[in-house]
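Every chain is numbered from 1 and lettered A, B, ... according to where its sequence line falls, protein lines coming before strand lines. All of these numbers come straight from a predicted model, not from anything done at the bench.
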Amino acid sequence: MRFATWNVNSLRARRDLVALWLNEHQPDVLCLQETKVKDADFPEELFEENGYHVAHWGVSSWNGVAIAARQPLDNLILGVVDDSEEARCIAADIDGIRVFSVYVPNGRALGDPHYSYKLEWLEALRARLSDEIQRRPLLVAGDFNIAPTDDDVYDRAALEGATHVSEPERLALQRLLDLGLVDCGASAEDTDSNFTWWDYRQGAFRRGMGMRIDLVLASRSLSGEMCSFQVDRLTRAAPKPSDHAPVIVEF
DNA sequence: ATGCCTGTACATTACAGA
């Protein structure tokens, strides 16, 4: 199975690139984040014309998550807290696997209310996953907005006091892994090659100033069947790119 | 210290993103 996740930073702005990418890479499952469309405006035909089932959750022009898959999506869940939350999580059963597409809150700054919200959201996700993982194999993929270790950022010193690298965020991620999930991108020999996000500014991509924040977490049984892991940096180098690269994992 | 760039809507400026 070819599994992928991609924060597209607006599906409306990225529509043509997503269509090209689907045809070139032919994933069996694709998790999307930051679609930035309401459900009523979601371009289902973009996926259906290319042979995919698709489920989306978007309540405004911000956030928004989706899962597209060759096989049907069953037992959909929207969100991890309650109906009033932002559209940051969608889950579905696909061919016997429970798939989560997640867009973890950014946090903005240490001490910002949004930072507390990020930690609370991660704890709510953990509570949900602790229940789910006992039932079936899990794949939890998306933009976690956390760099798991100092090796996952271009310059740790430059990020002192910033979000994405703080201990509380990393502990919240570790609590997810402690449920029995494996970070599929953690074991690369050249960690720079696993960066998944580069700022649009300052030529950050060209200069290698990135972070690994888009993750694929797999149940142990599934992680043992992983046969390849790849960050598609070519797509970050395309014209009009998202600031995130797709991540592709084969099982 | 700030903006750099990109996309969004209460749009020609402010904001969020990471």
Side-chain angles (χ1 to χ4, degrees), chain A residues 5-18 21 31-43 46 56-66 85-89 101-119 121-122 125 141-170 172-173 183 185 191-192 194-215 231 233 235-247:
Chain A
T5 184
W6 188 11
N7 177 325
V8 292
N9 186 18
S10 172
L11 192 49
R12 282 174 286 181
R14 224 64 63 205
R15 184 185 174 114
D16 292 347
L17 189 57
V18 169
W21 192 89
C31 294
L32 295 165
Q33 302 86 38
E34 281 210 87
T35 58
K36 291 187 172 179
V37 290
K38 291 179 267 211
D39 283 334
D41 300 328
F42 184 80
L46 168 65
H56 176 256
W57 188 35
V59 295
S60 72
S61 294
W62 303 102
N63 312 305
V65 284
E85 71 180 287
E86 298 168 323
R88 294 180 177 277
C89 175
S101 177
V102 299
Y103 175 44
V104 176
N106 172 292
R108 295 181 190 164
L110 305 188
D112 190 293
H114 203 255
Y115 180 77
S116 304
Y117 167 55
K118 179 179 194 174
L119 296 177
W121 195 93
L122 284 162
L125 176 64
D143 177 1
F144 282 75
N145 274 319
I146 300 169
T149 73
D150 287 352
D151 287 336
D152 295 312
V153 299
Y154 66 98
D155 182 351
R156 179 63 181 84
L159 294 167
E160 190 56 41
T163 57
H164 295 62
V165 297
S166 74
E167 276 311 301
E169 290 165 280
R170 286 177 170 171
L173 175 61
D183 175 2
T191 51
D192 284 11
N194 275 358
F195 289 170
T196 65
W197 171 87
W198 299 260
D199 201 303
Y200 282 124
R201 298 168 290 186
Q202 289 186 301
F205 179 65
R206 176 176 48 78
R207 296 160 67 189
M209 300 168 65
M211 293 196 249
R212 186 172 76 89
I213 56 175
D214 296 270
L215 310 178
V231 179
R233 288 193 300 280
T235 293
R236 180 61 180 80
K240 295 279 287 179
S242 167
D243 45 357
H244 296 252
V247 175

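- Both the sub-6.0 Å distance and the 45° axial angle are satisfied by A:Arg88 relative to the ring of A:Tyr103.
- Between the side chains of A:Tyr117 and A:Asn106, no donor-acceptor pair is found at a separation under 3.5 Å.
- Taking atom CD on A:Gln202 and atom P on B:dT6, their separation rounds to 13 Å, with Å as the unit.
- The side chain of A:His244 places an N or O atom within less than 4.0 Å of a non-bridging phosphate oxygen (OP1 or OP2) of B:dA18.
- When the C1' atom of B:dA9 is taken as reference, atom NZ of A:Lys36 falls 11 Å away, rounded to whole Å.
- For the P atoms, the distance from B:dT13 to B:dC4 is 15 Å, rounded to whole Å.
- At a cut-off of 3.5 angstrom, the base of B:dA18 holds at least one donor-acceptor pair with the side chain of A:Asn106.
- Nucleic acid contact class of A:Asp112 (heavy atoms, under 4.0 Å, all strands): none.
- Between the NZ atom of A:Lys240 and the C1' atom of B:dT8 there is a distance of 13 Å, given to the nearest Å.
- The separation between A:Asp243 atom CG and B:dT8 atom P is 12 Å, rounded to whole Å.
- Interatomic distance, A:Thr5 OG1 to A:His244 NE2, rounded to the nearest 0.5 Å: 10.0 Å.
- Between A:Asn9 and B:dG7 there is no side-chain polar atom (N or O) within less than 4.0 angstrom of OP1 or OP2.
- The OG atom of A:Ser242 lies 7.0 Å from the CH2 atom of A:Trp6; values are rounded to the nearest 0.5 Å.
- Regarding A:Asn63, its CG atom lies at a distance of 18 Å from the P atom of B:dC15, rounded to whole Å.
- Nearest nucleotide to the side chain of A:Trp197, out of B:dA9, B:dA16, B:dA18: B:dA18.
- A close approach under 4.0 Å does occur between a side-chain nitrogen or oxygen of A:Ser10 and OP1 or OP2 of B:dT8.
- If you check B:dG17, B:dA9, B:dG7 against the side chain of A:Arg14, the one that comes closest is B:dG7.
- A distance of about 23 Å separates the P atoms of B:dC10 and B:dT6, rounded to the whole Å.
- Using P as the reference atom, B:dT2 and B:dT8 are 27 Å apart when rounded to the nearest Å.
- Taking atom P on both nucleotides, B:dA14 is separated from B:dA18 by 22 Å, rounded to a whole Å.
- Following rounding to the nearest Å, A:Arg201 (CZ) and B:dG7 (P) show an atom-to-atom distance of 14 Å.
- Nucleotides B:dT12 and B:dG7 are separated by 15 Å at their C1' atoms, to the nearest Å.
- Rounded to a whole Å, the NZ atom of A:Lys38 is 13 Å from the P atom of B:dT8.
- A:Tyr103 comes within 4.0 angstrom of sugar-phosphate atoms only, judged by non-hydrogen atoms across all strands, and of no base.
- Residues A:Val104 and A:Lys118 are in side-chain contact: their nearest non-hydrogen atoms beyond the backbone lie under 4.5 Å apart.
- Side-chain N/O atoms of A:Arg12 include one lying less than 4.0 angstrom from OP1 or OP2 on B:dA9.
- A side-chain donor from one of A:Asn7 and A:Glu34 sits under 3.5 Å from a side-chain acceptor of the other.
- When each of A:Thr35 and A:Gly107 is assigned the nucleotide of DNA chain B bearing its nearest heavy atom, the one mapping closer to the 5' terminus is A:Thr35.
- B:dA18 atom C1' lies 14 Å from atom CH2 of A:Trp62, rounded to whole Å.
- Toward the 5′ end of DNA chain B lies the nearest nucleotide of A:Tyr200, the other residue of the pair A:Asn7 and A:Tyr200 mapping further downstream.
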